[in-house]
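Here is the naming used below: chain letters follow the sequence lines, and residue numbers restart at 1 for every chain.
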Amino acid sequence: MPELPEVETTRRGIEPYVTGRRVIGVDSRQPQLRWPITENLAQELVGRRFKQVQRRGKYLLFAAGDKHLMIHLGMSGRLRVVPDTLAPGKHDHLDIALDSKQVIRFNDPRRFGSAFWLAGDPATFKLLAALGPEPLSDDFNGALLYRCSRGRSAAVKTFIMNAQTVVGVGNIYASEALHKACIHPARAAGRISLKRYQALAEAIKNTLQTAITAGGTTLRDYVGVDGGSGWFQLQLAVYGKNGALCPRGCGPIQSQNIGQRNTFFCPVCQR
DNA sequence: AAAGCGCCCTGAAGGC
DNA sequence: TGCCTTCAGGGCGCTT
């Protein structure tokens, strides 16, 4: 399941197949995902031409004129481009047929994903309106983290995974970035200095950018548009490495539940 | 306002 | 072999 690097990898992989293409058919087989798929999606989409594929946080936005098809991959969703002759399989919930004899196919076993038709400005849509800055943009930096965290008692890991703080930092990369910045994931967000937040912001940018370059992380579900896997899992320092030696040589990596999510860290170098 | 928890769903993995 | 339990990369929304 995708975090921001996987969504961005999907976006980059799918955009060349979509840009300039006209929609000639929509087949929705499972109306109920996280939310109901927009009912008249076929009416809205068929005949429109896609301009580009954008991303906001973990949401993909397929621009068609000034309106958008918005897709979230949830925990287990994936988008692929397949020939229009390929029959849909299990959990293939939505097909967008293009005038290239190809189909954008949305598969999502756990159905935590979603698909919406946005007729208005995406930025004003309820699920997007309250989102924090993009982590790879200049709007996101240590000063912002410091400012937003004052007085907050929540664990710093929970704080950076909150999409109102910054979008796109999921469970894997939160653990990885905190290790990189030597910050203990359970430390109260409001009790971290500006200097340390500057290191954390850099670590988040660096971790996400490196993961995008590697094509994302494949743990169990995630595969790219072409069905291939990402390779960032080979570079993970702490995630899923309970008991393994910290890369800095301190001692064994520990795991702990923080905010109901499994968290991995080194109790020696992360404070 | 912020924090904490439940919950949507399927499938893989591990224990017995 | 099979059954049962646990856990999984997200995130909204309700309650306290």
Provide the distance between the two P atoms, one in B:dC5 and one in C:dC7, to the nearest whole Å.
16 Å

From CG of A:Leu236 across to P of C:dA8 the rounded distance in Å is 15 Å

Looking at C:dG13, I'd like to know if its phosphate oxygens (OP1 or OP2) sit under 4.0 Å from a side-chain N or O belonging to A:Lys126.
yes

Of the candidate nucleotides C:dG11, B:dT10, C:dA8, which contains the atom at the shortest distance from the side chain of A:Tyr239?
C:dA8

Is the charged tip of A:Arg150 near the ring of A:Tyr146: under 6.0 Å from the six-membered ring centre and within 45° of its axis?
yes

Under 3.5 Å donor-acceptor pair, A:Arg152 side-chain atoms to B:dA3 base atoms
no

Within the structure, does a side-chain N or O atom of A:Thr158 lie under 4.0 Å from either OP1 or OP2 of B:dA3?
no

Contact class for A:Tyr59 vs. all strands (heavy atom < 4.0 Å): base, sugar-phosphate, or nothing?
sugar-phosphate

OP1, OP2 of C:dG10 versus side-chain N and O of A:Tyr173: anything below 4.0 Å?
no

Ranking A:Arg34 and A:Lys90 by the position along DNA chain B of their nearest nucleotide, the one closer to 5' is A:Arg34

Could you go step by step and tell me if A:Arg110 and A:Asp108 meet the salt bridge (charged side-chain N to carboxylate O under 4.0 Å, His left out) rule?
CA-CA 6 Å; A:Arg110 289 177 73 179; A:Asp108 185 10; over 6 Å; no

Measure from the side chain of A:Asn171, starting at C-beta and using heavy atoms only, and say which of B:dC9, C:dG10, B:dC5 lies closest.
C:dG10

For A:Asn171, which of A:Glu176, A:Glu3, A:Lys157 qualifies under side-chain hydrogen bond (donor to acceptor under 3.5 Å, both in side chains)?
A:Lys157

Under the ring pair (Phe, Tyr, Trp, His ring centres under 6.0 Å) rule, what do A:His68 and A:Phe62 come out as? Steps first, then yes or no, please.
CA-CA 5 Å; A:His68 298 79; A:Phe62 293 74; 9.9 Å; no

In whole angstrom, what separates A:Arg78's CZ from B:dT10's P?
17 Å

A:His72 side chain near C:dG11 phosphate (N/O to OP1/OP2, under 4.0 Å)
yes

Just by modelled atom types, is the A:Glu134 backbone N or O under 3.5 Å from a matching donor or acceptor in the A:Ser137 side chain?
yes

Can you check the A:Trp35 CH2 to B:dC8 P distance for me, whole Å?
14 Å

About how many Å separate CD1 of A:Ile204 and NZ of A:Lys180, when rounded to the nearest 0.5 Å?
10.5 Å

Indicate whether OP1 or OP2 belonging to B:dC9 is found under 4.0 Å from a side-chain N or O atom of A:His91.
no

B:dC5 C1' sits how many Å from A:Arg261 CZ, rounded?
13 Å

Determine the contact category for A:Leu127: base if any of its heavy atoms lies under 4.0 Å from a base atom, sugar-phosphate if only primed atoms, P, OP1 or OP2 are that close, otherwise nothing.
sugar-phosphate

Send over the distance from A:Met161 CE to B:dA3 P, rounded to a whole Å.
15 Å

CE of A:Met70 versus C1' of C:dC12: gap in Å, rounded?
12 Å

B:dC8 pyrimidine/purine six-ring stacking with A:Phe112, under 5.5 Å and 30°
yes

When both hydrogen-bonding distances must be under 3.5 Å and the geometry is Watson-Crick or G-U wobble, what is C:dC14 paired with, if anything?
B:dG4

d(CG, A:Asn107; P, B:dC9) in whole Å:
17 Å

Across the strands shown, which category fits A:Gln260 at heavy-atom distances under 4.0 angstrom: base, sugar-phosphate, nothing?
base

Side-chain donor/acceptor contact of A:Arg111 with base of B:dC9 under 3.5 Å:
no

Take the protein atom CG of A:Asn162 and the nucleotide atom P of C:dC12, then report the distance between them rounded to whole Å.
9 Å

Are any of A:Asn262's side-chain N or O atoms less than 4.0 Å away from OP1 or OP2 of C:dA8?
yes

